Structure formats: structure tokens, C-alpha cells
> 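One structure follows; several queries about it will come next.
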Amino acid sequence: MGRKEALVNKNRYLLSKILRSRIGFVLVLVTIYWIKTLWAYLIDFNLDTKGFYQNFILFINPLPVGLLFIGLALYIKSTKWFYRIAGFLYFLLFLWLFSNTLYFREFSDYISISTMLASSSVAAGLLQTTLKSLRFWDFTYFLDFIAFAYLLAKKKISVDPKPFNKRASFAVTALSVMLFSVNLFLAEIDRPELLTRGFSNTYIVRALGLPSFLGYNAYQTYNAHKDRSEASPEDLTPVQQYITEHHAKPNEEYFGMAKGRNVIYLHLESLQQFIIDYKLKVEDKEYEVTPFLNSLYHSNSTFAFSNFFNQVKAGKTSDAETMIETSLFGLNQGSFMVQYGGSNTQQAAPYILSQEAGYTSAVFHGNAGSFWNRNNTYKQWGYNYFFDKTYFTETNAENSFEYGLNDKVMFTDAIPYFERLQQPFYTKFITVSNHYPYTTSLSGDETGFPLADTKDETINGYFATANYLDASIKAFFDYLKATGLYEKSIIVLYGDHYGISNSRNPSLAPLLGKDPETWSDYDNAMLQRVPYMIVIPGMNKGRIIDTFGGEIDALPTLEHLLGIDSTKYLQVGQDLLSKENKQIVSLRTPGNFITPTYTNYSGKLYYTETGEEITNPDENTQNIIETIKEETNAQLRASDAIQTGDLIRFLNNGLPPVNPKDYSYLHSLDKEIEIENELGSKSTSLYSQRGNQSTVDLFQAKSYRLLHEQTTAATTASTAPSSSSSSTEEEK
Ligand code: GP9
Ligand code: MN
């Protein structure tokens, strides 16, 4: 017998020895499940893990649940049933894993409870697409079954008739629960508030594994379902009453002034209002951070708001999107889009505009479509297209970071899809490069804008990424102007939420000319302002408006500018251009609010204008504060009732309910082209209007280095013209 043969025999012997005991059998199944899951993580799922720590969590996460689940069989006394149940539990885990790999190939997401509960026709369709997504390497997932069948046939597996000790079985359960807690603990360190905020299915799967994701999803679905089943059409009455009383009549001067125009939303990631007109001082030199946005801010084509506040909570970006698109708040805990977005009946801007004025709608965003459950929520919002990262240049270390593709690349890559949209369109570009930690998104030619000089690296990098965002927006505006879309559009820009958190604000204070020692919650509250600018090219009534408002007010403001009556919708915001606007900004934490006179933040009351704290309010002030609080509570109450009770499903306002099954975000370019072809000479896409000529070349986003070289070259050009020739060559 050769050495190799001896080794194989030894291994075989060892395996059959392990398999001979019940616990051995369980451990073998757990190990195979573990290996298969890792295999699926490696070849099928795209989990976007970064660094050793995240990969380590990914590596260990199949073990606890695998052991817990298959280990349950150890409690069974009967030999026959022990083997049957252990095998069955293993098979269930495998089935869940394998179905998810097939599903993921098609949908880039994981199977949720609502996917499974979908009607049988969808299920049949699912089965079809699933079968189509089988790949030749899938046989690897079945190798163990073949091996087991072989061993059984050859009678190599002998059964262990001795039941496992009850206490030992319990010890296995306890051990797996403990391992699971360790897993959860490590995951929470990597991503604080993982379970409360939800983020995306990918985050849950990569931290806790597929079976836990199912449990998590089931819990959320159950909660949403509970609130929903308790609600009835009568709940609409108080909500509608609030909305009617709270309605702010449109200002006749502006009503319909942008009627029929394309709507372009530019979501400015983490951009705060303090950055507008701000000049960063580094080594005695001043650098304007957002020169282009500043020019918009001061333009007479822009309604620019100086007291516009973000009203998000744990759902951050998703909360901002929810408010902007529906004029309803996110939740007090977690993210509305994650918990209800995919299932609630909603009447969001894309759907309203398609119904009222035949708009086509699209979102462009360079991150995974499942983040914040966008892929499902957007269908409920009636978005015709969602171009997520799968439509753009593949991400790598240079062109992207944790949260997605860099903005300039995203805009560049969006053009081929953007130019094919039928007009009028409602589109949203969600930028991402100016996102925490502000140190990892820019590299190579995009670096060069000076870093601030504080002790906090996050703050130091913020200005450079904000400058990058500014340059991306400028490039996009240049494109709009070059194509002629500019005059046909209304462009709305908003910052979604703070970029520098309250805990870091004292370090930011000196850059704002403030003393960190006296920095207060009032200052924190004031920093919740974000940019909000409505650009209507060609109009000249634009100015800086100091009305106090927030994200919840954006939709009625837009509707009125487009000449749409907002009264028939369940929206709790108020038009910011209306003379009847009450200027009460409810923050999502009940009791916190900002008005032009008072600010109540983190349990403290201030005069908004001076920042002076009101420690002993007189009776009159107390009454005023109580009235404001009651107003904000009523607004949040109405919104929460609609959101958690899914009340829009009871509303009869003439709009048929959105059917999410009518929407798919696959093969979108083909669909756009098909529509162009169907419409023929009636096609209104930019591409068709330009005689089937692409506008891709009209979008030019130069890197920071090129832009910078160009300006230095321009200033030196008069003295040394030859020095600029090489860089101009490169710019072409
Ligand atoms: C990710 C992006 C970030 O797709 O929109 O969300 P945030 O972390 O800002 O909530
Ligand atoms: Mn954000």
C-alpha cells in the first residue's frame, strides 16, 4: 500500500469513526453546511466585505445557527428519527442557502418573507427565472449528497443507537446560543445599530448569515403586519382632518411656474448648509469649498432656502428620501423604507406625476440596489427605472468606496440611460462620495483640495469631498446646458442630513469661528440646516428665502410649482413658498422643534435668533411652547398613523393603487429603447430629439488635478503660453 493510499484510508476510517456517533454525525453536517455557505459567499453572493474584521465575521457566521439548528436533532431518542430529523434540518438549511444563491443571481437580493408570500403567479414566475439562473458549477452544491448516497449504499455509515445525553444536548444548544451572541456582538461593533437600523439585507446577511436574516425579516414583517391589520378605514378620518386644517394654500405668484418641466432632484449626500459660502482657511490661504453651489445659491433663478432643516432619524438617507418623495416622516425607530417601504401602499412623487402629467421616472445611484431596501421601495413609489451600481462601471479601490461609486463616475455612467428617458421626466441622482468617513472616497487625481487642520480626521476630510461633490454637480449642470435640457427642467438640490455628527461638532467649532468650550445644543440644532435650492432656469424671481422649513415640506412645494393640487394627497408638509406656511419644523424626536423664535433641542429651550437658553420660561412662553409642541406632535402622529397603519390603501382619491409587480429594474436600457422605437417620431427622449445622436460626449467631469492645472495654466498662460499646451491636450 502506497503512502498516499494509506492516508486516504486513514481519513476514510476517521470519517466513518466520526460518523459512527450521533454528535459526530451532527458535526459533520454542520461542517458541510458551513463549507457550502462559505462557498456560496465566495462564488455567488456579492457581500462587499472589507478588511479582515468583516471577513472574519463572515467566516464564522454559518457556524452558530448551523449548530443550533441541526443540533436540535440530538434531543431525539429514537435512532431512526434522530437521523431523519438531523438530515431534514440540514436539508432545510441547505435549501434556504441554495434558493438564495439562485435568487441572488437574478435579483441581487435575498429572499424575504414578502417575496415568499407573493401571489402564486409571481411564485411561478420566480420558479422560471430561478431555473434559468442555474449554472454548471451548481453541481458542487450537491457533492455531499452524492457522497452520502455512496456511503449509504456501501454501508459505510453505521448508525449510533445510543441516544445523546439530554444534558449534553442542552450543552450543544447553549454553546451555539453563546456563539451566536459572540457573532452578534462582533457584528454590532463593526456596524453599530445593525439590527435597529436595518441598512440593507446585505449588511444583515454578511454579519449574521442567511437563516438569521430570515428570522430578522420575519420579525419585521410580523411587526409591520400587526400594525397594519389593526388599522381600519376609519383611521383615515382624523388624519384627513389634520391634513385639511394644516394645508398651506399655494402662492398664486408661483403656482404652476414650472409646469410640464422635467424634474431633476440632486441628492447631496451629507451636505450641510454651513458649507454654503464657506471658505476654508489653511496656512493663511482661503479656499472656497463649493463655488458652484454658492453661485446657484445666489442666482436669481434659484429659490434658495437658508433655514431648511433635515428631519431624519436612524434611517438617515432613507428618511430624507421618504420625506422628499412622500411628504411623510420616517419612523421614530429604524428605517421606514426597510420596514414598510416594500409593502405599504404609497403615493409618492414619481407615481403622482405619472398619473397627473404623464411623467417617466428614474433614480441613479452608484451603490447596491438593496441598500435601504430601495429596490423594493422604489417600486411602491412608482419609479419606472432604478439604475443602481449594476448599470455602471464596475467598482474598484480607485473609483469607489464603501458606499458606492464616486459621483463623477456615476454621473458619467448615468448619461446613456438618462438621455433615453421620455420627457417630461422625474429623476433623482443620489450622490454618495461626500459620505462619512470623508477620507476614503477620493484618491489619485481627485485629491488635492486642502484638508482642514483639526484633531478630527473626519472633519478634516469633509471639505475636500464636499468640493468634489460641488465639481460633480457643476459638470452635470454644464451637461444640462450643453444639451438644452437646462431650460426645460426644474432642478432641486437638497442635503439629506448632517455630515459631521453632534459629538464631533466641538472640534468643528473653531472652523466656524466659535469656541468649543461654549458650544451648546443650540449650536448642534442650528447645524441641522441643509441646503435646499430650487433652480428654475429662465425665471428671475429667485432669491434667498429665510422661511423655516424642512424636508417634509419639499413635496407640496414642488407640486405647487408644477401646478398640481396637493390637497387630495395624504401629505403632512407645507409648501415653503406659501404665505400660510407656519414655519414650525418638527424634528423626528418628539418634542424637538425649531421655529424662527424658539428652538427646543435635546431637552433645552433656546431663542432661535440669539441662542440664549430659556431656563425659566414665564407662563406666556410656556403656553406658546405647549402649542408648538402640540402642533409638532399632531404632525408626527398623523404621519405615523399613515405609515404604520398603511392607511393610503384605504384612500379613495382617484389614483389606482400602485402595483409593484408592474415594475422591474432589469434590462432597463432595452426597455427605454423599446419605448423609443414604439413611439417612433413621437419619442421625446433627448436621444431621439437629437436625431438619434448620443449626448455622452457632452458630459465632461474633469478630475480635481485637471481642473486645478487648468486654472493654474490659465493664470500663467499670459506670461508663459507654451506651459499650458500639454495640459489642454490632456483635457480633450
Ligand atoms: C448608500 C447611501 C448612504 O446607498 O445612500 O446612506 P446613509 O448612510 O447616508 O444613510
Ligand atoms: Mn445620507
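Just follow the structure's listing: the first ligand is 1, and inside any ligand the first atom is 1. Note that the coordinates shown come from a computational prediction; the quantities given were computed from them, not determined experimentally.
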> Find the distance between CG (Asn262) and OH (Tyr426) and round it off to the nearest 0.5 Å.
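Output value for this atom pair is 13.0 Å.
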
> Taking only Lys NZ, Arg NE, NH1 and NH2, and the carboxylate oxygens of Asp or Glu, determine whether Arg588 and Asp640 approach each other closer than 4.0 Å.
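Yes.
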
> If you check every N/O/S atom of Asp496, which is the one nearest the Mn ion (ligand 2)?
OD2

> Report the part of Arg374 in contact with ligand 1, treating N, CA, C, O as backbone and CB onward as side chain, heavy atoms under 4.0 Å; options are side chain, backbone, both, neither.
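Within the 4.0 Å criterion, Arg374 contacts ligand 1 through side-chain atoms alone.
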
> Establish, yes or no, whether a centroid distance under 6.0 Å links the rings of Tyr417 and Phe364.
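Judged by ring-centre distance (under 6.0 Å), Tyr417 and Phe364 do not meet the cut-off.
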
> Under a 4.0 Å threshold between the charged nitrogen and the carboxylate oxygen, would Lys313 count as salt-bridged to Asp319?
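Here Asp319 does not pair with Lys313 in a salt bridge, since their nearest N and O are not under 4.0 Å apart.
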
> Do any N/O/S atoms of His497 come under 2.8 Å of the Mn ion (ligand 2)?
yes

> Tell me the protein heavy atom at minimum distance from atom 9 (O) of ligand 1, and give that distance in Å.
Thr317 OG1, 2.6 Å

> Of the backbone atoms (N, CA, C, O) and the side-chain heavy atoms from C-beta on, which set of Asn367 has a member under 4.0 Å from an atom of ligand 1: side chain, backbone, both, or neither?
side chain

> Quick one: does His497 get an N or O within less than 3.5 Å of an N or O on ligand 1?
yes

> I need the minimum non-hydrogen distance between Asn502 and Gln528, along with the two atoms involved.
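Answer, listing the atom of Asn502 first, then Gln528: OD1-NE2, 3.4 Å.
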
> Whether Arg374 and Asp388 form a salt bridge (side-chain N of Lys/Arg under 4.0 Å from carboxylate O of Asp/Glu) is what I want to check.
no

> Among protein heavy atoms, which sits nearest to atom 8 (O) of ligand 1, and what does the distance come to when rounded to 0.1 Å?
His435 NE2, 2.7 Å

> Does Phe199 come within less than 4.0 angstrom of ligand 1, counting non-hydrogen atoms of the residue?
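Distance cut 4.0 Å: Phe199 fails for ligand 1.
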
> Salt bridge between Lys474 and Asp470, side-chain N to carboxylate O under 4.0 Å?
no

> Any N/O of His365 closer than 3.5 Å to an N/O of ligand 1?
yes

> I'd like to know whether the aromatic ring centres of Phe199 and Trp372 sit less than 6.0 Å apart in this structure.
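When the ring centroids of Phe199 and Trp372 are compared, they turn out to be within the sub-6.0 Å range.
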
> For the Mn ion (ligand 2), does an N/O/S atom of Ser270 lie at less than 2.8 Å?
no

> Only one of Phe476, Tyr494, Phe477, Tyr265 passes ring pair (Phe, Tyr, Trp, His ring centres under 6.0 Å) with Phe429; say which it is.
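It is Phe476, the one option of Phe476, Tyr494, Phe477, Tyr265 that forms the ring pair (Phe, Tyr, Trp, His ring centres under 6.0 Å) with Phe429.
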
> With respect to Glu269, determine whether any N or O atom, backbone or side chain, lies less than 3.5 Å from an N or O atom of ligand 1.
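Yes, since at least one N or O of Glu269 sits under 3.5 Å from an N or O of ligand 1.
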
> Does His267 come within less than 4.0 angstrom of ligand 1, counting non-hydrogen atoms of the residue?
no

> Give the atom name of whichever N/O/S atom in Glu269 sits closest to the Mn ion (ligand 2).
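Glu269's closest N, O or S atom to the Mn ion (ligand 2) is named OE2.
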
> Is it the side chain (CB and beyond), the backbone, both or neither of Tyr436 that lies under 4.0 Å from ligand 1, heavy atoms counted?
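Looking at Tyr436 and ligand 1, no heavy atom falls under 4.0 Å.
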
